[in-house]
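In what follows, chains are A, B, ... by sequence order, proteins preceding strands, each numbered from 1.
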Amino acid sequence: MAKRIDVSGLTAYYGSHKAIEDISMTVEPRSVTAFIGPSGCGKSTFLRTLNRMHEVTPGGRVEGKVLLDDENLYGAGVDPVSVRRTVGMVFQRPNPFPTMSIYENVAAGIRLNGGRVRKAELDTIVEKSLKGANLWKEVKDRLNKPGAGLSGGQQQRLCIARAIAVEPQVLLMDEPCSALDPISTLAIEDLIGELKERFTIVIVTHNMQQAARVSDRTAFFNLAGVGQPGKLVEIDDTERIFSNPSVQATEDYISGRFG
Amino acid sequence: MSEVAMDQPSGAVPGARRSSSSLHQPRLPRWAPAAIAAAALAVGVGIGAGAGLSSRIQWGLLAAVLYVAGTFALATRVEGVRQAKDRLATSLVWVCFLLAVVPLVSLIWETVSRGSSVLDGGFLSHSMGGVLTIQPGGGVYHAIIGTLEQVGIATAIAAPIGLLTAIYLVEYGRGRLAKAVTFFVDVMTGIPSIVAGLFVLSFWILMLDNGYSGFAGSMALAILMMPVVVRSTEEMLKLVPNELREASLALGVPKWRTILKVVLPTAIGGIATGVMLSVARIAGESAPIVLLVFGSQLINNNPFEGAQSSLPYYIYEQWAAGNDASYDRAWAAALVLIAFVMILNLVARGIARWKAPKAGR
Ligand SMILES: Nc1ncnc2c1ncn2[C@@H]1O[C@H](COP(=O)(O)OP(=O)(O)OP(=O)(O)O)[C@@H](O)[C@H]1O
Ligand SMILES: [Mg+2]
């Protein structure tokens, strides 16, 4: 199921603005990799290049290679739609579909793709995904109520359920807890711990403790100055990054002696 | 030194009463605006009647001026200049509101009271066939059929084209082509209805040698309707948050399916309202009908062949006949037209409410 990601020489632009430059890294399968770094250094941009969402932005352009188990996502003839089915994404702000019920939200990935799935089968998938997202107990009695009627934390877990319902092999999460209270955050962190058994997970976070708690490896991004492209400073085992990083800038950032 | 400094602030705020606390200021009681309005009305009517002004409108305007001036003067005395300005603005808003509502209400009142005298089942189910315009009787059935068919065909043409154009502009349109389309839509919005009628007349009837028909009128109505549909749909699509599109795309849903299954359903309430309002707008058009549908006294169920009538045309025709019986029919037809537009509005609101994204539990 889970796949390895190999990025080499990746540069991304917004129109003529170069947002990230020459990034190379490897993300191991069945592990959690955290991205940390100051605001505007291109973490979200980089994350979105991993499932070809970057090019959805007007003017978005990518150079370089992203190998998903030896298959280049940016190779000729690769369909971005099938890339996104393989590499799922959870956004910073919960964004359930407002016209759909909780059930329909979870089933959206399958139904919107025109999949002809029998009702019983779909029921099973929805239940499994909601259980996988730790939300089943809270919503099992109101599956037909609107998804927008849930609390923020529940909505975010609904979005996670929606993303895992299509059985992706990689799950990208862009600050999934930034709008949540500590209890919901803890629920989602536990969830990430469970999900990594099945998926390759990449998570962007501004919370150092969170990165230290959930991730196996941590990548630190930085930018030289305003208007400069963001770059990968180093990527290493989380323990090492937080105890004994090999670059001074990483230590400064983590210990708050930044800028 | 210090005395001068102390004196200046109190001198700088003329009219402000000294009170124990600077946060407390005298206020007019809550019923004051209503009382001033009543007094202004009474004085306005008194002066109007006393001076022998014949028009009620003059009485009303007099009362409005007195109300605004009275509010301002009283508030300045009691509350100070800043509050008085606030009251002045509030009273002006009220007066403008009334100025807008009075003609509207009197229009509906006039139409209902004059139109209801001949409006009955027979009026709705008969045409003017065999009825002389100076006779009472006859009906509006042929005009209702004409309006329904012409407006229906115009909607069937304009709504899909307008919808697709708006989707193109919001979801796909970049660069020159999109700018050109937007420009032409803007230009079309400004086309007077008579010009749209002349355009269809010259190419459909004069050049291609087709006869008068409801369909010819529908084409002109569609030209008028299309830009309105494009504009309103565009606004509604722009209101759909980008995050929803991204959420759907990130699930591996192709763009066209995202538009069809996520964007359109989210905006459908507003889109339907926009289409209904544009239908209501063209239902009242008479100029293209006069040019292209020609008008008829008889029932013609076929919109593609021969002259038809329509409600606005019927009203014009009956009014032009100029006798009591035809005036009655004109008012009754106007009432039917208003009811038709009103029903469309209610339907649009119903759809909007029914389809609106639900946030409740
Ligand atoms: N849609 C866009 N159009 C143009 N420039 C953009 C766009 N989105 C981001 N950028 C630019 O790209 C750079 C990287 O932005 P990005 O959102 O990836 O940063 P980030 O590391 O995720 O920051 P944060 O931690 O605040 O989320 C920034 O300089 C930003 O101004
Ligand atoms: Mg970001």
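For a residue to count as touching a neighbouring chain, one of its non-hydrogen atoms must lie under 4.5 Å from one of that chain's; by this rule A/Phe91 touches chain B with the side chain only. Heavy atoms of A/Val87 lying under 4.5 Å from chain B belong exclusively to its backbone. Using a 4.5 Å cut-off between heavy atoms, A/Pro96 touches chain B through its backbone atoms (N, CA, C, O) alone. Heavy atoms closer than 4.5 Å to chain A are found nowhere in B/Thr258, neither backbone nor side chain. Of the two parts of B/Arg174, only the side chain, counted from C-beta on, holds a non-hydrogen atom closer than 4.5 Å to a non-hydrogen atom of chain A.
Contact between A/Asn51 and B/Ala250 at its shortest, heavy atoms only, is ND2-CB, 4.5 Å. The nearest pair of heavy atoms linking B/Pro254 to A/Val81 is CA-CG2, 3.9 Å. B/Thr266 approaches A/Pro98 most closely through the heavy-atom pair CG2-CG, 3.9 Å. Summarising the geometry of B/Val262 relative to A/Met100, their closest heavy-atom pair is CG2-CE, 4.5 Å, with the distance given to 0.1 Å. Here the closest heavy-atom approach between residue A/Arg111 and residue B/Arg257 is recorded as O-NH1, 4.3 Å. Between A/Leu112 and B/Lys261 the shortest heavy-atom distance is CD2-CB, 3.1 Å.
Looking at A/Asn95, its side chain does come within 3.5 Å of a backbone N or O of B/Glu243 through a donor-acceptor pair.
A 6.0 Å sphere centred on NZ of A/Lys65 holds no more than 12 heavy atoms belonging to other residues, nucleotides or ligands.
Residues B/Ser248 and A/Phe97 have side chains in contact (heavy-atom distance under 4.5 Å, counting atoms from C-beta outward).
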Exercise for the section: Check the pair A/Arg162 / B/Leu251 against side chain to side chain contact (heavy atoms under 4.5 Å, CB included), numbers first and verdict last. Expected result: CA-CA 8 Å; A/Arg162 181 176 68 186; B/Leu251 286 172; 3.8 Å; yes
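The pair A/Arg48-B/Glu246 meets the salt-bridge criterion, with a side-chain N (NZ, NE, NH1 or NH2) lying under 4.0 Å from an Asp/Glu carboxylate O.
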